[in-house]
Structures are given as C-alpha cells and as structure tokens.
Amino acid sequence: MLAKRELRKEVGARQLIASGAGGPWVDLQGEIWNLPLDEKGRVFPENKTPEIVWLLSEGPVLVEERELGGHWLKTRAQRGDFYLTAPGPPFEIKTTGDGTQQYAIIWIAVGNDLMQQAMVDVFGEDANSVHLRDVSGFQDPFMAALMEKLQPELYLGRRASRLLVLGIAESLAVHLARKYSVVPESVREAKRGRGLPGFKLRKIAEFMVAHLEDGFSLSRLAAEADMSEFHFSRMFKRTTGKSPSQYFISLKMEKAQRLLRETRNGIMEIALDLGYTSPSRFAQVFRRETGSSPAEYRRTL
C-alpha cells in the first residue's frame with residue numbers, strides 16, 4: 001500500500017497509480033490508472049504501437065468510441081473486459097459509469113520490434129502482410145491470466161523482474177498475433193479497398209454482442225452494414241478470417257465462458273440465455289469451440 005501511495009500521480013482528474021517504464025520494461029510498457037467517469041470526447045492521438053486497456057473495476061462502464069468524425073460505437077464493459085487498439089489514426093472516447101466516480105484500468109503498449117518478431121514466429125514469410133485488428137469490450141481468459149501476473153510487477157516499477165516482464169511480453173505478443181490478426185489474404189483484399197472498414201466491423205460486432213440470444217440472421221447483419229448479403233459475407237470473412245455465422249458463434253461461446261466463470265447459473269439457464277433451446281445442442285457447440293463440455297469447463301475454474 002505504501003508503494004501505491006508513493007506512486008500516485010495526479011493528472012487532472014486522472015490518477016496514475018503504478019508505472020512500468022525503463023529498466024526491465026523494454027518491449028512492454030504499462031501503467032495502472034484511476035480514471036474519471038463521464039469523460040466527454042477525450043481524443044487520443046495516432047498510436048504507433050499496439051495498445052491494450054484492461055478493466056480492473058467491477059463496472060459497468062459505458063464506453064463509446066469513434067474515429068474522428070465517424071459514428072459512435074458503444075460497448076458496456078466490466079471487470080476483465082479488454083480493448084485492443086491496433087496502430088492507426090486518432091480516435092475519440094466517451095465514458096459513463098453507474099454508481100461510482102472512477103474506474104481503474106491497466107494500460108499496456110507492446111513494442112513494435114517484439115510484435116513483429118511474434119508475427120514472424122506465427123506467420124513466417126507472410127508476416128509483413130498481417131496486421132492486428134481492433135477489439136472492443138471482449139474477455140480473454142489467457143490475456144486475463146497474463147494481466148494478473150503483470151499487475152504486481154507494475155507496482156514494482158523499475159524493481160520488477162526483467163525475466164518475468166520479458167516472458168509476459170513475449171507470451172502476450174504471440175497471443176495477439178495468433179488470435180487477433182487478420183489473415184494475409186484478408187489484408188491484401190483490404191488494401192485494395194475490398195475489406196470492411198474498421199468502424200463498420202466494430203458496428204457489426206457490437207450489434208452481434210447485443211443480440212446473442214437471437215438466432216443468427218445474415219440478412220439482418222447485412223442490413224446493419226448497408227450491404228447485400230453476398231457482398232457482406234465475403235467482406236466480413238476477408239476482414240476477420242471467419243464467416244459471419246462462425247464469428248457470431250465465437251461471441252456466444254465467449255459469453256458462455258464468462259457466465260460459467262462468473263455466475264452460478266445452471267447450464268440449461270445459460271443455454272437459454274444464449275438462444276439455445278436444447279442444452280445438448282449448446283453443449284455440442286461449446287465442446288466444438290472450446291474443446292470441453294460446459295460442465296468440464298466449470299470444474300476446471
């Protein structure tokens with residue numbers, strides 16, 4: 001607690017609680033912040049490296065994002081949710097919270113040299129054609145485990161373990177490359193102007209998250225994107241590497257994992273919450289996507 005108080009730094013209404021920079025923090029830099037809620041239109045400059053924000057507070061926090069002059073996209077975040085911002089143009093954020101004045105985050109920047117090494121490790125000669133995609137308000141158990149290990153090192157600052165920080169940095173970079181990259185074919189198509197723009201992908205992802213209990217409807221998603229079903233399906237897969245239906249199912253399973261971890265709801269109740277009228281069908285899809293049944297997944301927690 002003493003180290004935490006000594007590190008506290010006021011920046012307007014924001015409070016810097018801990019910082020990892022310099023010393024052992026070569027390929028990974030991080031900070032822990034208490035941030036004010038109800039911030040209106042805070043503009044972030046163009047970022048040169050991949051950045052992650054991981055929510056420490058219970059929440060919920062309503063986060064609205066947009067590229068400058070674009071459409072606002074909303075996510076409701078809670079503890080354990082993360083945001084990944086790939087290198088790109090300036091963007092703007094608004095936040096609103098319920099019942100509290102501040103929320104806490106871990107902010108992480110991954111060095112470009114390390115990220116490129118991870119891309120080469122994962123994609124080989126295609127690495128230069130691959131880039132990370134933005135992610136808003138998702139949960140990732142593997143990343144959460146890394147953040148929990150990283151948090152005490154941030155409080156140590158320059159006294160942090162060099163080997164532990166390096167190991168976390170390398171693990172994080174490879175995980176980002178594997179799970180949040182656009183495949184090379186998608187990148188080539190997007191560069192020729194035939195992929196979904198980032199703001200439209202965020203809009204569709206947000207719409208999917210808000211309607212996970214509904215049945216999958218390609219026509220509904222295409223209408224949200226203001227595209228034909230055929231064109232939307234092709235552009236979506238080129239941009240994400242997954243068909244719209246595959247992506248929708250992956251979001252359902254992410255929510256299922258969250259409910260299994262964080263609630264005592266029965267498996268049948270969770271299945272119904274996600275729009276599955278048959279628990280056996282839910283269990284079949286869950287095993288296919290995660291490698292274990294819902295009951296087995298819960299027992300490992």
Side-chain angles (χ1 to χ4, degrees), residues 27-28 30-32 47 49-61 63 65 73 75-87 103-110 114-115 118-119 121-122 130-154 165 167-183 198 201-202 204-206 208-210 212 239-242 246-263 270 274 285-292 294 296-298 300-301:
D27 296 304
L28 189 73
E31 296 171 346
I32 300 176
N47 56 312
T49 63
E51 296 183 3
I52 295 168
V53 171
W54 194 64
L55 193 65
L56 287 170
S57 300
E58 290 299 328
V61 178
V63 180
E65 310 167 275
L73 301 175
T75 52
R76 186 168 290 274
Q78 60 185 5
R79 178 176 174 81
D81 285 349
F82 82 97
Y83 291 75
L84 168 63
T85 304
Y103 66 105
I105 65 163
I106 294 179
W107 169 86
I108 295 295
V110 182
L114 177 62
M115 196 67 239
M119 289 294 192
D121 183 63
V122 174
V130 176
H131 65 77
L132 292 176
R133 61 185 175 91
D134 293 343
V135 177
S136 296
F138 286 2
Q139 292 227 344
D140 183 324
F142 185 83
M143 188 182 297
L146 293 179
M147 291 297 174
E148 288 171 359
K149 296 293 185 184
L150 187 65
Q151 188 174 355
E153 300 304 309
L154 288 170
V165 171
I168 293 172
E170 291 175 340
S171 297
L172 180 60
V174 171
H175 183 64
L176 292 177
R178 284 178 172 172
K179 190 165 184 180
Y180 301 108
S181 290
V182 179
V183 296
L201 178 60
R202 291 181 185 180
I204 296 302
E206 180 189 50
M208 286 184 177
V209 169
L212 288 179
T239 308
T240 67
K242 295 181 179 181
Q246 290 170 332
Y247 193 90
F248 186 67
I249 289 172
S250 69
L251 292 179
K252 278 179 176 278
M253 295 305 103
E254 285 181 9
K255 184 173 181 180
Q257 289 174 303
R258 180 190 300 181
L259 292 173
L260 288 166
R261 287 195 311 269
E262 300 177 2
T263 75
I270 292 174
L274 292 170
V285 175
F286 190 93
R287 180 182 289 278
R288 186 187 70 207
E289 296 295 316
T290 69
S292 64
E296 290 169 344
Y297 179 83
R298 179 168 268 173
T300 63
L301 299 176

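One is the number of the first residue; the rest follow in order along the sequence.
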Derivation and outcome, side-chain contact (heavy atoms from CB on, under 4.5 Å), residues Asp140 and Val135: CA-CA 11 Å; Asp140 183 324; Val135 177; over 6 Å; no
Measure the spacing between [atom1] of [X] and [atom2] of [Y] and express it to the nearest 0.5 Å.
{"X": "Lys242", "Y": "Ile249", "atom1": "NZ", "atom2": "CD1", "result": "9.5 Å"}
{"X": "Tyr247", "Y": "Leu201", "atom1": "OH", "atom2": "CG", "result": "5.5 Å"}
{"X": "Met119", "Y": "Leu114", "atom1": "CE", "atom2": "CG", "result": "11.0 Å"}
{"X": "Met147", "Y": "Leu55", "atom1": "CE", "atom2": "CG", "result": "12.0 Å"}
{"X": "Gln151", "Y": "Trp54", "atom1": "CD", "atom2": "CH2", "result": "6.5 Å"}

Donor-acceptor check, side chain of [X] to backbone of [Y], threshold 3.5 angstrom: yes or no?
{"X": "Lys255", "Y": "Leu274", "answer": "no"}
{"X": "Gln139", "Y": "Arg79", "answer": "yes"}
{"X": "Ser136", "Y": "Tyr83", "answer": "no"}
{"X": "Thr300", "Y": "Tyr297", "answer": "yes"}

query: Would Leu260 and Ile270 count as a side-chain contact (heavy atoms from CB on, under 4.5 Å) if you check the C-alpha gap in whole Å, the side-chain angles of each, and the deciding distance to 0.1 Å?
result: CA-CA 8 Å; Leu260 288 166; Ile270 292 174; 3.6 Å; yes
Nearest heavy atoms of [X] and [Y], plus distance in Å:
{"X": "Lys149", "Y": "Glu153", "value": "O-CG, 3.8 Å"}
{"X": "Ala177", "Y": "Val122", "value": "CB-CG2, 3.9 Å"}
{"X": "Val130", "Y": "Ser181", "value": "CG1-CB, 3.5 Å"}

With a 4.5 Å heavy-atom cut-off, do [X] and [Y] have their side chains touching?
{"X": "Thr49", "Y": "Met115", "result": "no"}
{"X": "Leu212", "Y": "Leu251", "result": "yes"}
{"X": "Leu56", "Y": "Ile105", "result": "no"}
{"X": "Ser171", "Y": "Leu146", "result": "yes"}
{"X": "Leu150", "Y": "Leu172", "result": "no"}
{"X": "Val285", "Y": "Lys252", "result": "no"}
{"X": "Asp81", "Y": "Val63", "result": "no"}

task: For Arg287, look at atom CZ and say whether over 12 heavy atoms of other residues, nucleotides or ligands are found less than 6.0 Å away.
output: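 Yes, the 6.0 Å shell around CZ holds more than 12 heavy atoms from other groups.
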message: Do Gln257 and Thr290 pair up side chain to side chain, a donor and an acceptor below 3.5 Å, judged on atom types alone?
response: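 Thr290 and Gln257 do not have a side-chain donor-acceptor pair below 3.5 Å.
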message: Apply side-chain contact (heavy atoms from CB on, under 4.5 Å) to residues Arg258 and Phe138 and explain how you reach the verdict.
response: CA-CA 10 Å; Arg258 180 190 300 181; Phe138 286 2; over 6 Å; no
message: Run Leu154 and Glu31 through side-chain contact (heavy atoms from CB on, under 4.5 Å) and show every step you take.
response: CA-CA 7 Å; Leu154 288 170; Glu31 296 171 346; over 6 Å; no
- prompt: What about the rings of Phe82 and Tyr180, do their centers lie closer together than 6.0 Å?
  reply: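 Yes, close enough.
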task: For a side-chain contact (heavy atoms from CB on, under 4.5 Å) with Leu84, tell me which candidate from Asp134, Ile108, Leu176 qualifies.
output: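 It is Leu176, the one option of Asp134, Ile108, Leu176 that forms the side-chain contact (heavy atoms from CB on, under 4.5 Å) with Leu84.
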